[in-house]
There are 2 protein chains.
Amino acid sequence: MSPLRADAQRNYDAVVSAARAAFAANGTQSSLDDIAEQAGVGNATLYRHFPTRDSLIVETLRLPLAELAAVARELGDSTDPRAALREWVVQLAAALADWNGLADAVAASLTDEGSALRLACQPLQLATFKLLTRAQDASGARRDLTAEELFDLTLAVAWRGGTSRYADLLFDTLN
Amino acid sequence: MSPLRADAQRNYDAVVSAARAAFAANGTQSSLDDIAEQAGVGNATLYRHFPTRDSLIVETLRLPLAELAAVARELGDSTDPRAALREWVVQLAAALADWNGLADAVAASLTDEGSALRLACQPLQLATFKLLTRAQDASGARRDLTAEELFDLTLAVAWRGGTSRYADLLFDTLN
DNA sequence: ACCTGAACACCGTTCAAGT
DNA sequence: ACCTGAACACCGTTCAAGT
C-alpha cells in the first residue's frame, strides 16, 4: 500500500499504457516482452509489477470495468427490469469482446482460484445476478436460468464477437 | 495420391495415434514436439506429414466427423424436423466440445481461407443449413436465423463445455 | 528499492545431412 | 523418398548483478 518510488510509478504507468495499446492492436495474448520493450522497460520490471498476465489485463481494464459498474447501477433503477436485463447483456457482451482473446482470458480465470481477473469480474457476475433476479421477479425472464449460466452464455457471445445480434438472440432465450 | 512407403505409413499412423491421445489428454494445443516424441518419430517427420496443426487435427477427427455425417443423414429423414434440429445442435455441440481447445481451433479456422480444418467442417455447416431449413419450412424454427449464425452459436456452446443444458437453451432461441 | 540484461527451458518451424 | 537431430527465432519466467 505504500506509494511507489517516482521512477517505479513512471515505469508502471508506461507498462500499462503499452499493454493497453498492444491488447487493443493484437489481443490479450500479445508478447509480454514486446510490451516491456514498447514501454522502454526491462522485461523483468514488467514481471515485478505484474506477476501474471491476468494481473496486467485487470489493470488495463480498470476504466471499462468502472463504466460497466456505472451501467449496472443505472439499469438497477430502471422501471423496466426486462429491458434493463437485455441492455446489460448487450453491453456486457460488447465490453468482453472489445479485445481479442479477452473472453478466453476471462473464461480461463473462472476456474483459476487465485486469478486477479476472476476477482475483478465478480462485480460483473453480481450485477448479472441482481438484474436477472429483478427481471425474473417481474416475470420478465424465465425462472430456470441461473446467473452463472447467463454470465457464461454472455461470455460465449462475446467470444464470437459480442455483436448485439447474438446478444439479442441470447436474450430471446430468456422468455 | 501414391501410397506411402511402408515405414512412412507406420510413422504416419504412429503420429496420428499419439496426437489423438495428446489431444484427448491435454487439448488440441498439445506440444507437437511431444507428440512426435510419443510417436517415436523425429519432429520434422511430423511436419512432413502434417504441415499445419489444423491438418493433424483433421486427421485425428476423421472418425468423429464420419459419425456426425451419419447422424446428419439420419436426422434428415426424421418426420419431426424440429426435434431433428434440436438433436443435431446437441450432438454437434457435444462433438465440438470433446477435446479442450477444439472449439477454438474450429472458430479460428473459419477465418483462415486455406485451413484444412475449415474444409473438414464444411459438411457440418451444410448439414446445419439443411436441418435448419427443413425445420423452418415446417414452422419449427424462426425464419430470421441463418445457418451460419446457428453453427456459430453452437460452436460457442461447445466452447463453454458443450453440455446439453446449454444446447437446449440455445435451441429455445429458435422459437 | 528498484532496474537491467542475460540466462533458462520451452515451443514451432526449417534445414543440412544421412539412409 | 523419407527420416533425423540440430539449428533458429521466439516466448514466459527467473536471477545475478547493478544503481
Side-chain angles (χ1 to χ4, degrees), chain A residues 1-19 21-23 25-60 100-102 104-105 108-109 112 114-117, chain B residues 1-19 21-23 25-60 100-102 104-105 108-109 112 114-117:
Chain A
M1 306 304 147
S2 60
L4 288 175
R5 220 169 61 181
D7 59 336
Q9 183 67 55
R10 249 193 322 272
N11 283 340
Y12 185 99
D13 294 340
V15 167
V16 174
S17 286
F23 291 164
N26 306 313
T28 56
Q29 323 297 342
S30 299
S31 153
L32 297 179
D33 269 27
D34 278 357
I35 291 173
E37 194 184 342
Q38 284 297 316
V41 150
N43 55 357
T45 297
L46 182 150
Y47 280 94
R48 154 173 289 266
H49 290 304
F50 304 101
T52 64
R53 183 184 292 270
D54 273 9
S55 63
L56 180 55
I57 292 177
V58 166
E59 189 54 44
T60 59
N100 206 334
L102 181 55
D104 299 83
S109 82
D112 180 359
S115 164
L117 184 53
Chain B
M1 303 306 146
S2 59
L4 287 175
R5 221 168 61 182
D7 59 336
Q9 183 67 53
R10 249 193 323 271
N11 283 340
Y12 185 100
D13 295 341
V15 167
V16 173
S17 286
F23 291 165
N26 307 312
T28 56
Q29 323 297 341
S30 298
S31 154
L32 297 180
D33 269 28
D34 277 358
I35 291 172
E37 194 183 344
Q38 284 297 315
V41 148
N43 54 357
T45 295
L46 182 150
Y47 280 95
R48 154 173 289 266
H49 290 303
F50 304 102
T52 64
R53 182 183 293 270
D54 273 9
S55 63
L56 180 55
I57 292 176
V58 166
E59 189 54 43
T60 59
N100 206 335
L102 181 55
D104 299 84
S109 82
D112 181 358
S115 164
L117 185 53

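All values below come from the heavy atoms of this structure, side chains included, with hydrogens, waters and symmetry mates left out.
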Exercise for review: Grab the CG-P distance between A/Asp7 and C/dA1 for me, whole Å please.
Suggested key: 14 Å

Show the atom names and distances, to 0.1 Å, of all donor-acceptor pairs under 3.5 Å that link a side chain in residues 51-58 of chain A to residues at least two apart or in another chain.
unit_1, atom_1, unit_2, atom_2, d
A/Thr52, OG1, A/Ser55, N, 3.1
A/Thr52, OG1, A/Ser55, OG, 3.3
A/Arg53, NH1, A/Thr28, O, 2.8
A/Arg53, NH1, A/Ser30, O, 2.8
A/Arg53, NH2, A/Ser30, O, 3.4
A/Asp54, OD2, A/Ser115, OG, 2.7
A/Ser55, OG, A/Thr52, N, 3.4
A/Ser55, OG, A/Thr52, O, 2.6

Point to revise | Short side-chain N/O contact from A/His49 to OP1 or OP2 of C/dC2, under 4.0 Å | key: no

Exercise for review: Using atom CZ of B/Phe50 as one end and atom P of D/dC3 as the other, report the distance to the nearest whole Å.
Suggested key: 11 Å

Review point. In whole angstroms, how far is the C1' atom of C/dC2 from the CZ atom of A/Arg48?
Key: 5 Å

**Study point:** Closest nucleotide among D/dC3, C/dT4, C/dC3 to the B/Thr45 side chain
**Key:** D/dC3

Review point. What is the per-nucleotide protein-contact pattern of nucleotides 6-19 of chain C, from the 5' end, where B denotes a base atom under 4.0 Å from a protein heavy atom, S denotes such proximity for sugar-phosphate atoms only, and - denotes neither?
Key: B----SSBBB----

Check your understanding: Is it the case that more than 12 heavy atoms not belonging to B/Asn100 sit under 6.0 Å from its CG atom?
Key -> no

**Study point:** side-chain contact (heavy atoms from CB on, under 4.5 Å) partners of A/Gln9, counting only residues at least two apart
**Key:** A/Leu4, A/Tyr12, A/Asp13

Practice item. Round to the nearest Å and state the distance from B/Leu46 atom CG to D/dC2 atom C1'. Key: 14 Å

Revision key, fill the gap. note: A/Gln9, atom CD; C/dC3, atom P; distance rounded to Å ~ 10 Å

Check your understanding: For DNA chain D, what string of dots and brackets results from 5' to 3' when Watson-Crick and G-U pairs need both distances under 3.5 Å, crossing pairs get [ ], and pairs with another strand get |?
Key -> ||.|||||...|||||.||

Please list every donor-acceptor pair under 3.5 Å in which a side-chain atom of residues 32-44 of chain A meets a protein atom from a residue at least two apart or in another chain.
none

Practice item. For B/Asp13 and D/dC3, give me the distance from atom CG to atom P, rounded to whole Å. Key: 12 Å

Check your understanding: Between atom OG of A/Ser109 and atom CG of A/Leu102, what is the distance when rounded to the nearest 0.5 Å?
Key -> 9.5 Å

